[in-house]
Amino acid sequence: MKDKIIQILKENSKNPVSGEKLSEYLKVSRTAIWKHINQLRQEGYEIESLPSRGYLLKNTPDVLSSIEIQSGLKTHILGNKIIHFDSIDSTNEKAKEYALQGEKEGLVITAEEQTKGKGRKGRDWISSKGSGIWMSILLRPDIAPCQAPKFTLLAAVAVAKSIQEETGLLVHIKWPNDIILNKKKVCGILTEMNAELDRINYIVVGIGINVNQQENDFSEEIKNKAISLFEVKKSKISRQNLTRRILTNLEKYYLNFVKKEDFSSILKEWKELSCNLEKEVKVVLNGKEIQGIAKDITEDGALLIENREGKLIEICYGDVSVRGIYDYI
Ligand code: BTN
């Protein structure tokens with residue numbers, strides 16, 4: 001109902017719409033309309049009441065609601081359906097619930113706040129209200145499950161490119177998919193998959209971007225590792241524009257990959273954006289520490305490390321620390 005009211009007010013941005021007209025059109029009482037208008041105001045919509053003329057929309061807040069994101073979104077699949085929550089445990093968990101209920105690919109879950117945001121390896125992901133982009137995208141690619149790790153790299157390239165295009169800031173990717181700004185983490189991606197031996201049921205790509213937090217918004221614990229776009233750009237960034245751009249770029253890379261089976265161009269861009277390659281790195285794998293120089297990424301998305309003895313080791317998963325990037329000096 002609120003979305004419908006906003007849509008009508010947007011379509012009549014020059015002319016006030018009376019409560020009577022809204023109630024007739026939406027087939028609810030004028031009191032109900034008045035209550036919804038008040039709720040919208042609480043959500044940050046600036047709606048003027050002009051005596052005996054009606055309601056006029058003066059300003060919209062930077063929320064990640066479906067009506068706001070879909071207006072001006074030119075994708076074919078991603079974002080065809082957007083479900084927005086003011087507060088939720090985790091957008092990835094919600095997207096997986098919908099996936100199991102049979103929702104189509106392209107569904108996007110967004111939230112203003114996550115109370116149990118999840119990071120990789122069971123870590124928490126702090127997702128404070130209104131300051132970041134917390135969203136999950138449901139995909140159902142018709143490819144073999146062994147190809148799935150490529151989605152992680154694909155998503156990282158799409159997000160890094162979108163941040164650069166939208167803000168002009170120079171970001172890098174730390175293998176496999178951390179996005180780094182000024183040597184700190186500005187974005188994390190959590191890809192989760194449900195598959196059988198020979199087919200993928202669904203993939204959920206969860207993207208968390210620190211957008212408009214100020215330095216003091218981060219806890220002491222993560223302050224020296226985390227950064228927001230705002231801290232570097234020094235001006236507020238539109239979460240709506242960045243979200244639209246990510247969906248557009250992600251769809252482009254995704255379709256290129258699943259329809260044309262072209263991963264080499266993604267890999268090339270990943271390498272250009274990488275902050276690992278030819279750097280000294282350290283990775284802990286099954287309790288064993290491997291140290292060496294990151295030499296390359298394989299066609300399957302694994303990291304190739306040359307150890308001190310000159311032997312090449314292929315790393316398919318794990319946490320990589322790069323000398324000079326937040327936790328490895
Ligand atoms: C990481 O770097 O550890 C991955 C962080 C992923 C965070 C995002 S925020 C949206 C989505 N929902 C979650 O619970 N996690 C991902």
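Values reported hereafter were calculated over all heavy atoms of this structure, with side chains retained and with hydrogens, waters and symmetry mates removed.
- Between Asn276 and Ala294, the shortest heavy-atom distance links the atoms O-CB, 3.5 Å.
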side-chain hydrogen bond (donor to acceptor under 3.5 Å, both in side chains) between Ser136 and Asn92, intermediate numbers included: CA-CA 5 Å; Ser136 301; Asn92 262 37; 2.6 Å; yes

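- A 6.0 Å sphere centred on CG of Leu197 holds no more than 12 heavy atoms belonging to other residues, nucleotides or ligands.
- Residues Ile203 and Pro141 share a closest heavy-atom pair of CD1-CG, 4.0 Å.
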I'd like to know whether Lys161 forms a salt bridge (charged side-chain N to carboxylate O under 4.0 Å, His left out) with Glu165, so could you lay out the CA-CA distance, the side-chain angles of the two residues, the decisive distance to 0.1 Å, and finally the verdict. CA-CA 6 Å; Lys161 285 261 164 196; Glu165 288 168 6; 5.9 Å; no

Hey, mind stepping through Gln39 and Tyr45 against side-chain hydrogen bond (donor to acceptor under 3.5 Å, both in side chains) and telling me if it holds? CA-CA 9 Å; Gln39 272 176 24; Tyr45 284 91; over 6 Å; no

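- Residues Ser131 and Asn212 bring no donor and acceptor atom of their side chains to less than 3.5 Å of each other.
- Side chain to side chain, Ser162 and Asn249 meet the donor-acceptor criterion of an N or O pair below 3.5 Å.
- Taking 4.0 Å as the cut-off between side-chain N and carboxylate O, Glu280 and Arg308 count as a salt-bridged pair.
- At a cut-off of 3.5 Å, with distance as the only test, a side-chain donor of Tyr253 or Glu269 sits close to an acceptor on the other residue.
- Taking the six-membered ring for Trp and thresholds of 30 and 60 degrees, Phe257 and Phe151 have ring planes more than 60 degrees apart, a perpendicular arrangement.
- For the residue pair Gln214 / Asn216, no side-chain donor-acceptor distance below 3.5 Å is found, with atom types taken as modelled.
- In this structure, Glu221 places its CD atom where only 12 or fewer heavy-atom neighbours from other residues, nucleotides or ligands lie under 6.0 Å away.
- In this structure, Trp34 places its CH2 atom where only 12 or fewer heavy-atom neighbours from other residues, nucleotides or ligands lie under 6.0 Å away.
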Evaluate the criterion side-chain hydrogen bond (donor to acceptor under 3.5 Å, both in side chains) for residue pair Ser228 and Gln213; output intermediate values, then yes/no. CA-CA 6 Å; Ser228 73; Gln213 289 96 331; 4.6 Å; no

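- Ile67 and Leu56 fall into different hydrophobic clusters, where Ile, Leu, Val, Met, Phe, Trp and Tyr residues are linked whenever their side-chain heavy atoms come under 4.5 Å apart, directly or through other members.
- With a 6.0 Å radius and a threshold of 12 heavy atoms from other residues, nucleotides or ligands, Lys129 has its NZ atom above the threshold.
- The side chain to side chain contact (heavy atoms under 4.5 Å, CB included) test with Leu138 singles out one residue from Val204, Ile109, Val108, Val205, and that residue is Val204.
- Within the 4.5 Å cutoff, the side chain of Ile227 has no heavy atoms near those of the Asn210 side chain.
- Salt bridge status for Glu93 with Lys116: absent, with no side-chain N to carboxylate O gap under 4.0 Å.
- In this structure, Thr31 and Ile33 have side chains that are not in contact, with every pair of non-hydrogen atoms separated by 4.5 Å or more.
- Two different hydrophobic clusters hold Trp134 and Leu107 under the rule that ILVMFWY side chains link at heavy-atom gaps under 4.5 Å.
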Mind running salt bridge (charged side-chain N to carboxylate O under 4.0 Å, His left out) on Glu103 and Arg140 for me, showing each step along the way? CA-CA 10 Å; Glu103 274 294 341; Arg140 294 190 187 273; over 6 Å; no

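- When all heavy atoms are compared, the tightest approach of Ile8 to Asn12 is O-ND2, 2.8 Å.
- Remark: Lys150 is positioned above the aromatic ring of Phe263, its terminal NZ or CZ atom under 6.0 angstrom from the ring centre and at most 45 degrees off the axis.
- Other residues, nucleotides and ligands place no more than 12 heavy atoms under 6.0 Å from the NZ atom of Lys21.
- Shown here is Glu261, whose CD atom has no more than 12 heavy atoms of other residues, nucleotides or ligands within 6.0 Å.
- Between the side chains of His84 and Glu112, at least one donor N or O sits under 3.5 Å from an acceptor N or O.
- Pairing each heavy atom of Val157 with each of Ile266, the nearest pair is CG2-O, 3.9 Å.
- Side-chain N/O atoms of Asp296 and Thr298 include no donor and acceptor closer than 3.5 Å.
- Evaluated for a salt bridge (charged side-chain N to carboxylate O under 4.0 Å, His left out) with Glu192, the options Arg120, Lys94, Lys96 yield exactly one hit, Lys96.
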Checking Leu277 against Trp175 for the side chain to side chain contact (heavy atoms under 4.5 Å, CB included) test, could you report, in this order, the C-alpha distance in whole Å, the side-chain angles of both residues, the deciding distance, and whether it holds? CA-CA 9 Å; Leu277 298 184; Trp175 187 87; over 6 Å; no

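- Across every non-hydrogen atom of Lys185 and Trp125, the tightest pair is CE-CZ3, 3.6 Å.
- Using a 4.5 Å cut-off on side-chain heavy atoms (C-beta onward), Lys2 and Glu43 make contact.
- Counting heavy atoms of neighbouring residues, nucleotides and ligands inside a 6.0 Å radius, atom CD of Glu20 does not exceed 12 of them.
- When the shell of 6.0 Å around CZ of Arg53 is examined, it contains 12 or fewer heavy atoms from other residues, nucleotides or ligands.
- Closest approach of Ala111 to Ile88, counting heavy atoms only: CB-CG2, 3.6 Å.
- Of the possible polar contacts, one joining the Gln240 side chain to the Val63 backbone as a donor-acceptor pair under 3.5 Å is found.
- Linking Ile, Leu, Val, Met, Phe, Trp and Tyr whenever their side-chain heavy atoms come within less than 4.5 Å leaves Leu154 and Leu190 in two separate clusters.
- Electrostatic pairing of Glu314 and Lys295 does not count as a salt bridge here, judged by no charged N lying under 4.0 Å from a carboxylate O.
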Does the side-chain hydrogen bond (donor to acceptor under 3.5 Å, both in side chains) test come out yes or no for Asp262 and Ser264, once each step is laid out? CA-CA 6 Å; Asp262 172 21; Ser264 56; 3.1 Å; yes

Please lay out, stage by stage, how Arg245 and Glu166 fare under the test salt bridge (charged side-chain N to carboxylate O under 4.0 Å, His left out). CA-CA 8 Å; Arg245 195 170 298 252; Glu166 202 55 41; 2.4 Å; yes

